[in-house]
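The structure under discussion appears below in the form of structure tokens.
In what follows, chains are A, B, ... by sequence order, proteins preceding strands, each numbered from 1.
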Amino acid sequence: IVSWNALITGHAEYEQYDEVLSFWMEMQMAGIAPNTATCVRILQACSVLEEADRGQESHSEVVHRGFENEFFVSNTLVDMYSNCGLLEDSQNVFSKISVRDAASWNALIAGYSGHQLEKETQNVLWEMHCEGVSPDSITFATLLKACGSTGAIDKGLDIHAQILKKESEDLYAGSTLVDLYAKCGFLQESQYVFDKLSDRDVVCWNALISGYADKGLTEEALGCIEQMQCEGICLDPGTYVCSLQACGGVGTISKARELHADIVKDQFEAIPCVSSALVNMYVKNGFLAEACEVFDEQTSHDVISWTALIAGYVEDGNIEKVFNCLQKMHMEGVSPN
RNA sequence: AAACAUUCGUUGAUU
């Protein structure tokens with residue numbers, strides 16, 4: 001059991017959730033009983049992969065083992081159902097929790113607000129208030145994220161005001177605000193909130209860069225990178241992905257090549273989202289040969305990198321290559337979406 | 001001897 005758990009948590013930490021689930025299957029076949037830590041990891045994997053069916057199976061397993069009321073387990077169940085969009089189940093599990101903490105509430109709220117169910121979200125917030133639990137910075141970040149994904153700037157402003165009243169500044173809520181303003185097209189506000197954050201980490205930088213990239217402001221986006229380096233903040237894979245997105249326009253290819261070189265230096269080229277961002281960047285700039293080169297170096301291709309490459313050939317009018325790709329894609333067991 | 005856990009912020013293609 002110890003070594004199984006080591007395997008499972010190890011993979012979970014590296015975000016290899018598919019592996020978590022396949023180990024879990026092996027574990028079941030070997031007839032080894034999970035403990036609460038294993039169950040948490042498995043549910044987490046189902047949550048991230050939005051595997052509702054397997055989540056439900058695992059829920060029965062949890063009940064069968066008598067872990068249902070274990071503290072971490074029940075919160076993870078709420079999270080899993082929330083993430084999978086099974087909000088009734090989420091609510092059911094939540095209702096059965098005897099001692100609810102902020103995480104329980106936040107997981108439920110994330111489910112409702114993430115699925116744009118405003119009324120339900122408000123209801124939960126109200127219930128929370130009635131039970132004397134006040135929203136924390138995570139609650140705010142959750143609510144703001146929902147505003148960002150729908151571009152609901154009014155609501156975002158409202159929450160921003162509430163935060164200013166209550167919370168001392170918080171990095172999570174701060175980054176979400178940077179992101180929210182950027183997504184709604186208010187880049188100055190985004191920059192302003194960003195400037196006011198005292199401890200800036202890589203994620204809030206990335207949010208800012210992503211805002212500039214989205215609007216095609218290559219200079220600004222790449223300027224951020226320089227500043228980050230000055231401040232001694234390490235660029236992470238996300239930074240490169242955001243920055244590469246800023247390199248779609250004319251005259252950006254040389255900067256993009258520099259980024260590519262840095263990515264190689266930092267050994268991020270094998271990370272799927274980074275390499276597909278590279279493929280995409282070369283495609284957008286019309287360098288299909290280089291796109292292909294990066295693509296071929298990938299250890300495995302997912303739908304996204306296939307689609308990026310195919311889109312390039314379509315743009316190029318190279319029908320033959322398009323069909324070629326579709327065939328190879330099929331052979332690799334990747335189905336188009 | 002070993003795993004110790006849940007909620008939150010940024011990021012890839014197409015539509």
Roughly, in whole Å, what's the span from CG in A:Asn83 to P in B:rU6? 14 Å
For a quick check of understanding: with a heavy-atom distance under 4.0 Å over all strands, which category does A:Ala141 fall into, base, sugar-phosphate or nothing? sugar-phosphate
At under 4.0 Å between heavy atoms, what does A:Asp236 touch on the DNA or RNA strands: base, sugar-phosphate, or nothing? nothing
Distance check needed: B:rU15 P versus A:Ile304 CD1, whole Å only. 14 Å
Minimum-distance nucleotide to A:Ser210 side chain [options: B:rA5, B:rU10, B:rC8]: B:rU10
Assess whether atom CD of A:Glu118 is packed by more than 12 heavy atoms of other residues, nucleotides or ligands within 6.0 Å. no
Should the side chain of A:Asp201 and the base of B:rG9 be counted as holding a donor-acceptor pair, with the cut-off at 3.5 Å? yes
Mind checking if A:Thr36 touches a base, just sugar-phosphate, or nothing, with heavy atoms under 4.0 Å? base
Pair A:Ser305-A:Gln298, side-chain donor/acceptor within less than 3.5 Å: yes
A:Glu315 atom CD is separated from B:rU14 atom C1', nearest whole Å, by 13 Å
Answer with base, sugar-phosphate or nothing: what part of the nucleic acid does A:Ser305 contact at a heavy-atom distance below 4.0 Å? nothing
Are the ring centres of A:Tyr240 and A:His260 closer than 6.0 Å? no
Between A:His11 and A:Tyr17, is the ring centre distance below 6.0 Å? no
Across the strands shown, which category fits A:Pro336 at heavy-atom distances under 4.0 angstrom: base, sugar-phosphate, nothing? nothing
Which part of the nucleic acid, if any, lies within reach of A:Ser175 when heavy atoms closer than 4.0 Å are counted: base, sugar-phosphate only, or nothing? base
What's A:Thr176 touching, base or sugar-phosphate or nothing? Going by heavy atoms closer than 4.0 Å. sugar-phosphate
Which one, B:rA5, B:rA13, B:rC8, comes nearest to the side chain of A:Lys284? B:rA13
Using whole Å, report how far CG of A:Asn206 lies from P of B:rG12. 11 Å
